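Have a look at the structure below before the remarks.
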Amino acid sequence: MKYPLGIQTFSEIREENYLYLDKTALIYDLINCGKVYFLSRPRRFGKSLLISTLEALFSGKKPFLMA
């Protein structure tokens, strides 16, 4: 598998078969156990990819979330 260097959208990672580490359990906790989050990690630590993953989840793009 290819590494997703420089790719920040979840759908592109899934469509192009890049390596993706599943963080579903962490995302579930993020959605269900809190109110407001401030994502203050440094550059290149996956903030954009996390937001893109949440967008895919909440917009109903289930084929991307099932592999």
Side-chain angles (χ1 to χ4, degrees):
M1 293 187 106
K2 304 177 283 186
Y3 290 108
L5 301 176
I7 297 174
Q8 298 180 354
T9 58
F10 180 71
S11 59
E12 185 176 352
I13 288 173
R14 300 299 295 147
E15 290 168 353
E16 302 295 326
N17 199 32
Y18 284 97
L19 180 65
Y20 176 73
L21 299 176
D22 186 10
K23 299 176 186 146
T24 306
L26 297 173
I27 292 172
Y28 178 84
D29 289 342
L30 180 76
I31 294 168
N32 291 304
C33 299
K35 294 181 181 180
V36 177
Y37 292 97
F38 176 67
L39 303 174
S40 64
R41 292 170 28 180
R43 292 181 63 211
R44 314 299 304 162
F45 274 80
K47 292 181 299 294
S48 297
L49 180 57
L50 172 63
I51 299 304
S52 177
T53 304
L54 291 171
E55 177 188 25
L57 174 67
F58 285 112
S59 66
K61 295 182 180 178
K62 291 180 183 177
F64 294 121
L65 299 172
M66 301 306 267

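Nothing here was measured: the structure is a model prediction, and the numbers come from that model.
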With sequence neighbours excluded, tell me which residues meet side-chain contact (heavy atoms from CB on, under 4.5 Å) with Leu30. Tyr37, Leu50, Leu54
Grouping I, L, V, M, F, W and Y whenever their side-chain heavy atoms are under 4.5 Å apart, do Tyr20 and Leu26 come out in a common cluster? no
Pairing residues for Tyr18 by the side-chain contact (heavy atoms from CB on, under 4.5 Å) criterion, not counting sequence neighbours: Lys2, Pro4, Ile7, Ile13, Glu16
Locate the shortest heavy-atom distance separating Ser52 from Ser11; write the atom from each residue and the value. OG-N, 4.4 Å
